[in-house]
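This report concerns only the one structure given below.
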Amino acid sequence: MPRDPRRPLSILIAALGGQGGGVLTEWIVAAADQAGHAVQSTSIPGVAQRTGATTYYIEIAPQPREAGAPDLVFSLYPTPGDVDVIIASEWLEAGRTLELDYASPERTLLIASTHRLYAIGEKSVPGDGVFPAARIREAARALTRQAVTFDARAAARRAQSEVNAVILGALSATRVLPLPGSAFEAAIGEGGVAVERNLAGFKAGRELVELGVETAGPPRPRRPWTALRGERAAALGRRGRDFLALAARAEREFPEHLHETLGEALARLVDYQDARYAERFLERVRAIHAVDPEGRLTRAFARRLAVWMTYEDAIRVADLKTRRGRFERIGRENAAKEGSTLVVTDYLKPDLDEIYGILPAALARPVARWAERRWPRGRPSLAQHVRTTTVLGFLRVWLLGRLRALRPQSLRYEREAALMDRWERAVREAAALDCGLALEVAEMASVVKGYGEVRRRLFRGLGHFLDETLPAAVAEDRRAGAGHQRCTAIVRARRLALLTEEQESHLRLDASAAPSGSGRSSREAGRTRQ
């Protein structure tokens, strides 16, 4: 059915809190005013960052105002299947609007950025919990008249601008709205905030569409490990030679289909600690490979072990926060101009376990026993705001990151390694019974994640599973004499139960305004001073 030319043009903007969706809406409304069109906008605010979405809706009269003409009646909210333009400032937000049936194959133009800001549910799932981008791309092809998709974040960084300005330029270039480009530029000027940067982003977005941006984008070919190996060595600097020697040894000992998995793990471990620490990893993998000629179990075990052995203690967090690349990334993300001063404040909140956990085990054990008796339901934390772009603030964190030599003797490592040993032993015993069972037991290591009390509870849960649940299930299967399908199902169910507990805890933590933990929970704030 053809569109009634008298009806207002409708625009639905799906964004995340903090992405500038409100400013984008203001620009479009101001541009319509500049061109003499009646316009109305409404919004439904969400919560900050990736924990919630924000929706904006705009209707614009298709013709400029005429003297004496009756006022148009605008809608306050979009109707499914009746939206002319959908704008999504992030790829999953595009999928959200498509899922809600706002798009129409006959009339809807989709303008979406393909970059991702992962949802809590994606980040908390062990392994790869990311929603498949290909499914959104297929839906965009099937459910819209035209889809203009590109990485607006990358374009914004190149232009030292913001995603919303780039998307505004793309919208202008499609000419779906009866508004000239000069009206959008005037709207940016009227805003009076970072005008030069926003105009640069607007121009970049226009050029992308005019030059022909990707609308489907074939997947990038997978690069072979032989090409990636040199890059990993170069990134390790002086430790690159140790990594190459270990990688060469692994490639001689293990079949080719394991080379990339083991190589990536070794690069991660050398960067985290040293070559000797990476050799311990290879020793554990050899023991599993000896009972797994096909290599399926070995790959799963190696992936889980590498992540576990690089747990984020206070030393690791401090090391990562004082690397040059981190400050360069924050500067790019904040579009810091050359010559400006970058100010970065890190919000840290380690608890007592994380503090005494980095001490040598002999010294830390008495402290740990006292603290665990004193605070059995969770130890208190020490909130800190450290400005890591000052000399004293940087040195304070940098010196902590240089204590990696203490890690193999620390109380934290002693406890982590003890549970790793019990898990490895359980994987070997399960492999002697059934390969499928062994794979499920290997995947149980995925529950050991997080920080603070969440990690400690999951740690205890895995210990209870290894010491009691798994042996009891194996014994029951042996008495029944019916294979190990029941035991495999029990392992899978227990893993899912622990993961559900972990996800719920992370949701509670992320909903809190105060930062928690010294690892992934610590926040960073960057700003520039001219």
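The aromatic rings of Tyr311 and Tyr413 lie parallel to each other, with less than 30° between the two planes, well short of the 60° mark. Note: Phe327 and Phe394 have tilted aromatic rings, judged against thresholds of 30 and 60 degrees for the angle between ring planes.
A donor-acceptor contact shorter than 3.5 Å is absent between the side chain of Arg153 and the backbone of His115. Checked by atom type and distance alone, the side chain of Arg65 pairs as donor or acceptor with a backbone atom of His37 at under 3.5 Å. Between the side chain of Gln40 and the main chain of Ser75, a donor-acceptor pair closer than 3.5 Å is present. Side chain of Glu90 to main chain of Leu117: a donor-acceptor pair is present (N/O by atom type, distance under 3.5 Å, no hydrogens or angles). With Ser410 contributing its side chain and Leu359 its backbone, the two residues share no donor-acceptor pair below 3.5 Å. Without hydrogens or angle criteria, Ser10 side chain to Asp82 main chain gives a donor-acceptor distance under 3.5 Å. Side-chain N or O atoms of Thr42 include one that pairs as donor or acceptor with a backbone N or O of Leu76 at under 3.5 Å. Judged purely by atom type and a 3.5 angstrom limit, Thr108 uses its side chain to pair as donor or acceptor with the backbone of Val83. Side chain of Arg404 to main chain of Arg316: no donor-acceptor pair is present (N/O by atom type, distance under 3.5 Å, no hydrogens or angles).
Counting non-hydrogen atoms of neighbouring residues, nucleotides and ligands closer than 6.0 angstrom, the CZ atom of Arg402 exceeds 12 such neighbours.
Using a 4.0 Å cut-off between charged side-chain N and carboxylate O, Arg141 and Glu138 make no salt bridge. We find that Asp346 and Arg326 are joined by a salt bridge, their nearest charged nitrogen and carboxylate oxygen being less than 4.0 Å apart. Salt bridge Arg268/Glu264: absent, no basic N to carboxylate O contact under 4.0 Å. A salt bridge does not link Arg412 to Asp313: none of the charged nitrogens lies less than 4.0 Å from a carboxylate oxygen. Arg7 has no carboxylate O lying under 4.0 Å from a charged side-chain N of Asp84, or vice versa, which leaves the two without a salt bridge.
Residues Ser172 and Arg206 bring a donor and an acceptor atom of their side chains to less than 3.5 Å of each other. In summary, the side chains of Arg407 and Gln273 do present a donor paired with an acceptor at a separation below 3.5 Å, with no hydrogens or angles considered. For Thr114 and Asp151, the side-chain atoms include no donor-acceptor pair closer than 3.5 Å. For the residue pair Arg197/Ser161, the side-chain donor-acceptor check at 3.5 Å is not satisfied.
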### Query
Does the pair Val176 and Ile111 meet the rule for a side-chain contact (heavy atoms from CB on, under 4.5 Å), with working shown?
CA-CA 11 Å; Val176 68; Ile111 301 174; 5.7 Å; no
### Verdict with supporting geometry, Glu99 and Arg135, salt bridge (Lys or Arg N to Asp or Glu O under 4.0 Å)
CA-CA 11 Å; Glu99 182 184 33; Arg135 290 180 59 185; over 6 Å; no
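Counting heavy atoms from C-beta on, the side chains of Ile58 and Ile13 come closer than 4.5 Å.
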